[in-house]
Colleague: 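Before we start, here is the structure in question, set down as structure tokens.
Predicted model only: the values in this text are computed from it and were never measured.
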Amino acid sequence: MEPGVIALIVIGIIAILIIVANIKVVPQANAYVIERFGAFFKIWSTGIHVKVPFMDRVAKQVSLKEQVVDFQPQQVITRDNVSMQIDTVVYFQITDPKLYTYGVENPVMAIENLCATTLRNIIGELELDNTLTSRDKINERIRVILDEATDAWGIKVKRVELKNILPPREIQVAMEKQMKAERERRARILDAEGEKTSQILVAEGHKEAAILRADAVKETKIREAQGEAEAILAVQKAYADSLRMLNEASPNDRVIALKSLETFTKVADGRATKIIIPSEIQSMAGLATSLKELVVDGEMDKSPKPNQSASATIGTAPTIPNVSDTVNAKEALRAQAKQNIQNIPRPQNNMQQPQQKSPFDYS
């Protein structure tokens, strides 16, 4: 084989090897910073790229994934002069490979130092209790400060977390005692509140029971009063019905007088030492006196005359009285009795009358 042909074959193989060596495949979530003749040329994104031999070079391979950096504990002092150690965790992502490559020499170290100084400044403004209870506020303040500072480096700070807060051993013991005392205080408060609630419930139970008993007594008295009222109304209604029936019957004077005598008999059965005689009784007494006089005088008229001889009556037939004369005599007696009743004076009130001699006394 001629030497020229061999040289061409060698040159071709070398060219192919050079081309293959300058073919680059950029993986996913990565970026290549390309320099040409030592100056920034372009950024290769995901895909196949070919660089010019002896002119271009890959200055830096940058990962675009979110990265996590755990920094070493930093010595900080609180506002109340308590020394403690705090270690932080920073989550960041590269947004501009060019700024990340040319912005700062060591971006991770720069972020660590910036985080330490920012943490000391923030903790120095807080006391121990606020430091332990304000982690969210501290994280947010550190994130904002780091994000503003790293914008010039092509870095986006996503989150900042305080991983551990380690106070001195003496402070830990004091905090444990304080926590124990606080828990005991809460336990006593809960016990007192439980006792208070129990007593309140018991008192409310007694109160409700007393109210129910009072309501029961009230209801009983109301029912008894209603029953008595209904009984009184029933009695009065019956009495009114009897009076109405009596008025409808139109009783005569004799019935009224008889009822008066019955009432007087009931009054006389009592234990009273004085008896009030109504005016109707006086009228009846006058009527009885008139009847007595008529009966006695009539018997005296019927008796035989003392100067009349017995011989005149012996052997002589008795004389039969005329019927019309007897009827006329009875009518005359009745008229005389009514006249005597009408002439009896009527008292104006039921004052106590002086004791009089009974007209029925024949002695």
Side-chain angles (χ1 to χ4, degrees), residues 20-53 55-79 84-126 130-167:
V20 171
N22 287 278
I23 294 174
K24 299 294 182 180
V25 178
V26 180
Q28 181 69 33
N30 284 271
Y32 288 180
V33 178
I34 305 301
E35 293 179 353
R36 177 170 288 181
F37 298 113
F40 173 77
F41 176 63
K42 65 187 305 184
I43 295 175
W44 286 353
S45 59
T46 304
I48 299 176
H49 300 275
V50 179
K51 70 178 182 176
V52 179
M55 295 175 60
D56 298 338
R57 77 179 186 90
V58 179
K60 194 175 186 63
Q61 297 181 3
V62 179
S63 175
L64 301 180
K65 299 178 183 179
E66 184 174 350
Q67 302 180 33
V68 181
V69 180
D70 186 4
F71 298 136
Q72 295 296 323
Q74 301 294 325
Q75 190 76 20
V76 295
I77 300 176
T78 62
R79 184 178 178 181
M84 64 178 63
Q85 290 184 351
I86 300 177
D87 57 341
T88 57
V89 178
V90 178
Y91 298 82
F92 68 93
Q93 185 178 10
I94 299 172
T95 59
D96 191 341
K98 178 183 177 181
L99 295 178
Y100 179 75
T101 303
Y102 301 105
V104 65
E105 181 63 30
N106 192 340
V108 175
M109 184 180 294
I111 293 173
E112 180 179 3
N113 293 328
L114 181 61
C115 181
T117 56
T118 304
L119 182 63
R120 290 190 180 97
N121 293 333
I122 294 174
I123 298 300
E125 298 175 357
L126 301 175
N130 295 331
T131 303
L132 297 175
T133 58
S134 303
R135 288 196 177 192
D136 294 337
K137 295 180 181 180
I138 297 172
N139 295 337
E140 183 63 22
R141 290 183 62 182
I142 295 175
R143 189 198 67 79
V144 171
I145 295 173
L146 291 180
D147 191 25
E148 292 177 357
T150 57
D151 284 341
W153 304 339
I155 298 173
K156 175 67 176 178
V157 178
K158 297 295 187 70
R159 293 184 302 276
V160 177
E161 298 291 340
L162 300 182
K163 186 176 180 181
N164 291 316
I165 299 177
L166 303 174

Colleague: Is a donor on one side and an acceptor on the other found under 3.5 Å between the side chain of Asn164 and the backbone of Asp87?
Modeller: no
Colleague: Show your reasoning for whether side-chain contact (heavy atoms from CB on, under 4.5 Å) applies to Tyr102 and Val33.
Modeller: CA-CA 10 Å; Tyr102 301 105; Val33 178; 3.7 Å; yes
Colleague: How are the rings of Trp44 and His49 set relative to one another: parallel (under 30°), tilted (30 to 60°) or perpendicular (over 60°)?
Modeller: parallel
Colleague: Is the closest side-chain heavy-atom distance between Val69 and Glu112 below 4.5 Å?
Modeller: no
Colleague: Side-chain contact, heavy-atom cut-off 4.5 Å: Ile142 with Cys115?
Modeller: yes
Colleague: Can you tell me how far apart CE (Met84) and CD1 (Ile123) are? Round to the nearest 0.5 Å.
Modeller: 7.0 Å
Colleague: Checking side-chain contact (heavy atoms from CB on, under 4.5 Å) for the pair Ile111/Trp153: CA distance, chi angles, key distance, verdict?
Modeller: CA-CA 10 Å; Ile111 293 173; Trp153 304 339; 4.2 Å; yes
Colleague: Taking all non-hydrogen atoms of both residues, which atom of Pro97 and which atom of Thr101 are closest, and how far apart?
Modeller: O-OG1, 2.7 Å
Colleague: For Gln67 and Ile94, what are the C-alpha separation, side-chain angles and deciding distance, and is it a side-chain contact (heavy atoms from CB on, under 4.5 Å)?
Modeller: CA-CA 9 Å; Gln67 302 180 33; Ile94 299 172; 3.8 Å; yes
Colleague: What are the two closest heavy atoms between Val104 and Ala110, and how far apart are they?
Modeller: CG2-CB, 4.0 Å
Colleague: For the CG atom of Asn113 and the CZ atom of Phe71, what is their distance to the nearest 0.5 Å?
Modeller: 8.5 Å
Colleague: Can you tell me how far CG of Asn30 sits from CG of Leu64, rounded to the nearest 0.5 angstrom?
Modeller: 6.5 Å
Colleague: Measure from the side-chain N and O atoms of Ser134 to the backbone N and O of Thr131, and report whether any donor-acceptor pair falls under 3.5 Å.
Modeller: no
Colleague: Taking all non-hydrogen atoms of both residues, which atom of Glu125 and which atom of Arg79 are closest, and how far apart?
Modeller: O-CD, 3.8 Å
Colleague: So with a 6.0 Å cut-off around CE of Met55, is the heavy-atom count from everything else above 12?
Modeller: yes
Colleague: Taking NZ, NE, NH1 and NH2 as the nitrogens, is one of them in Glu140 or Arg143 under 4.0 Å from a carboxylate oxygen of the other?
Modeller: yes
Colleague: More than 12 heavy atoms of other residues, nucleotides or ligands under 6.0 Å from CD1 of Ile48: yes or no?
Modeller: no
Colleague: CZ of Phe41 to NZ of Lys51: how many Å apart, nearest 0.5 Å?
Modeller: 13.0 Å
Colleague: Taking the side chain as every heavy atom from C-beta outward, state whether Ile155 and Pro107 have any atom pair closer than 4.5 Å.
Modeller: yes
Colleague: Quick one: which residue pairs count as a salt bridge (charged side-chain N to carboxylate O under 4.0 Å, His left out) with a foot in residues 30-41, not counting sequence neighbours?
Modeller: Glu35-Arg57, Arg36-Asp56
Colleague: What distance do Lys137 atom NZ and Asn130 atom CG have between them, rounded to the nearest 0.5 Å?
Modeller: 8.0 Å
Colleague: Who pairs with Glu105 by side-chain hydrogen bond (donor to acceptor under 3.5 Å, both in side chains), at least two apart in sequence or on another chain?
Modeller: none
Colleague: Taking atom CG of Asn121 and atom CD1 of Ile145, what is their separation to the nearest 0.5 Å?
Modeller: 7.5 Å
Colleague: Quick one: salt bridge (charged side-chain N to carboxylate O under 4.0 Å, His left out) pairs with a partner in residues 153-167, sequence neighbours left out?
Modeller: Glu66-Arg159, Asp70-Lys163, Asp147-Lys156
Colleague: Can you confirm whether Ile77 is buried at CD1, in the sense that more than 12 heavy atoms of other residues, nucleotides or ligands lie under 6.0 Å from that atom?
Modeller: no
Colleague: Could you walk me through whether Leu162 and Ile138 satisfy the side-chain contact (heavy atoms from CB on, under 4.5 Å) test, starting with their C-alpha distance in whole Å, then the side-chain angles of each, then the deciding distance to 0.1 Å, before giving a yes or no?
Modeller: CA-CA 8 Å; Leu162 300 182; Ile138 297 172; 3.6 Å; yes
